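Below: the structure, in structure tokens.
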Amino acid sequence: MTSVKTKWIYLLGFGGLLPFLGLSLSSLMAIELPLIGNPLPALVSYGAVILSFLSGILWGRALHRADTESTQGLIITSNVFALLAWLTLLLNTIFWSLLLQIVGFALVLFFERKLARGTTMTSQSRYYPMRLMLTVGVIVCQILVLGNHII
């Protein structure tokens, strides 16, 4: 990857973590947000958008590999994650929505790691550590809010 491309990937990747941090902190501090109000539904909806985005990345990888290997399983998996993200919006409970998103984010990372072995992603060795940091950040934010929501 070129250094300019790497900078944009890091900037946008970590920039995408900011709403998780801000919404989680607002929720933990019980702060109503201007134009949004309660940060919990915003956190769930943003999580669903990002989980859908990550499932689209899996879909793209499947299309990229379609000429050289069987990718039906990966395409189905990416659709399952997109449907899971949508389900978290349909549920009328913050607890189950956040819990399902935590599982979804962890599983997407698992599949990305599995895909990275022995592919061109391996040569871009900075991508997976970045994804790991971002996923851990997202999951920690959601676990903190989930724990606070239960208590």
Side-chain angles (χ1 to χ4, degrees), residues 1-27 33 35-36 38-146 149:
M1 259 191 291
T2 65
S3 64
V4 171
K5 189 185 292 184
T6 301
K7 287 178 186 174
W8 275 106
I9 289 170
Y10 272 77
L11 179 67
L12 294 172
F14 285 98
L17 186 59
L18 294 176
F20 283 106
L21 294 170
L23 292 166
S24 296
L25 281 173
S26 297
S27 172
L33 299 172
L35 303 175
I36 294 175
N38 183 353
L40 286 172
L43 179 64
V44 169
S45 62
Y46 185 68
V49 167
I50 298 303
L51 189 55
S52 293
F53 174 78
L54 293 174
S55 80
I57 291 173
L58 292 176
W59 177 281
R61 290 211 183 118
L63 293 178
H64 180 72
R65 297 170 144 205
D67 291 338
T68 59
E69 59 190 273
S70 176
T71 58
Q72 293 90 346
L74 187 54
I75 289 172
I76 291 168
T77 301
S78 74
N79 278 271
V80 168
F81 286 124
L83 290 171
L84 175 69
W86 181 51
L87 176 63
T88 67
L89 293 175
L90 297 177
L91 295 174
N92 198 20
T93 169
I94 298 296
F95 175 83
W96 287 108
S97 294
L98 288 175
L99 189 63
L100 287 174
Q101 285 183 11
I102 290 166
V103 170
F105 282 116
L107 287 173
V108 167
L109 184 69
F110 169 79
F111 280 102
E112 281 196 332
R113 179 63 178 158
K114 199 171 165 184
L115 288 170
R117 293 187 185 127
T119 67
T120 55
M121 276 185 64
T122 307
S123 65
Q124 298 172 11
S125 59
R126 288 179 260 173
Y127 176 76
Y128 183 76
M130 178 195 72
R131 282 284 298 114
L132 178 62
M133 287 186 285
L134 292 172
T135 300
V136 167
V138 167
I139 289 174
V140 165
C141 286
Q142 289 183 320
I143 286 173
L144 289 172
V145 170
L146 190 65
H149 191 71

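Computed from a predicted structure; not experimentally measured. Throughout, residue positions are numbered sequentially from 1 according to the sequence presented. We use all heavy atoms of the structure for the numbers below, so side chains are in, but hydrogens, waters and symmetry mates are not.
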Exercise for the section: Find the distance between CD1 (Ile76) and CG (Leu83) and round it off to the nearest 0.5 Å. Expected result: 11.5 Å
Problem - Smallest separation among heavy atoms of Leu134 and Gly13, with atom names - result: CD2-O, 3.4 Å
Practice task
Look up atom CG in Leu107 and atom CD1 in Ile102, then write down how far apart they are to the nearest 0.5 Å.
Solution key: 12.0 Å
Practice task
Find out whether Asn38 and Pro41 are in side-chain contact, i.e. whether some heavy atom of one side chain is under 4.5 Å from a heavy atom of the other.
Solution key: yes
Exercise for the section: Could you tell me the separation between the CG atom of Leu54 and the CD atom of Glu112, rounded to the nearest 0.5 Å? Expected result: 6.0 Å
Practice task
Grab the two heavy atoms, one from Pro39 and one from Leu33, that are nearest each other, plus how far apart they are.
Solution key: CB-CD1, 3.9 Å
Handout entry: Partners meeting side-chain contact (heavy atoms from CB on, under 4.5 Å) with Leu91 (sequence neighbours left out)
Key = Leu87, Thr93, Trp96, Ser97, Leu100
Fill in the blank from the handout: In this structure, CD1 of Ile94 is separated from CG of Leu146 (nearest 0.5 Å) by 10.0 Å
Practice task
Drop me the distance from Thr6's OG1 to Met130's CE, to the nearest 0.5 angstrom.
Solution key: 9.5 Å
Fill in the blank from the handout: d(Ile50 CD1, Leu17 CG) to nearest 0.5 Å is 10.0 Å
Handout entry: Residue list, side-chain contact (heavy atoms from CB on, under 4.5 Å) with Val49, at least two apart or on another chain
Key = none
Problem - Pairwise side-chain hydrogen bond (donor to acceptor under 3.5 Å, both in side chains) hits with a residue in residues 40-53, at least two apart - result: none
Practice task
Let me see the working for Leu43 and Leu98 under side-chain contact (heavy atoms from CB on, under 4.5 Å), right down to the final yes or no.
Solution key: CA-CA 9 Å; Leu43 179 64; Leu98 288 175; 4.1 Å; yes
Problem - Listed partners of Val136 passing side-chain contact (heavy atoms from CB on, under 4.5 Å), at least two apart - result: Leu132, Val140
Practice task
Assess whether atom CZ of Phe53 is packed by more than 12 heavy atoms of other residues, nucleotides or ligands within 6.0 Å.
Solution key: no
Fill in the blank from the handout: Here the pair of heavy atoms bringing Ser27 nearest to Val145 is OG-CG1, 3.8 Å
Fill in the blank from the handout: Heavy-atom closest pair (Ser55 atom, Phe81 atom, distance to 0.1 Å) is CB-CB, 3.6 Å
Handout entry: Inter- and intrachain pairs under salt bridge (Lys or Arg N to Asp or Glu O under 4.0 Å), touching residues 49-58, at least two apart
Key = none
Completion exercise
Thr135 meets the side-chain contact (heavy atoms from CB on, under 4.5 Å) criterion, sequence neighbours left out, with Phe105, Leu109, Arg131, Ile139
Completion exercise
residues 75-88 vs side-chain hydrogen bond (donor to acceptor under 3.5 Å, both in side chains), sequence neighbours excluded, gives Thr88-Gln101
Practice task
Please name the pair of heavy atoms, one in Ser24 and one in Cys141, separated by the smallest distance, quoted to 0.1 Å.
Solution key: OG-CB, 3.2 Å
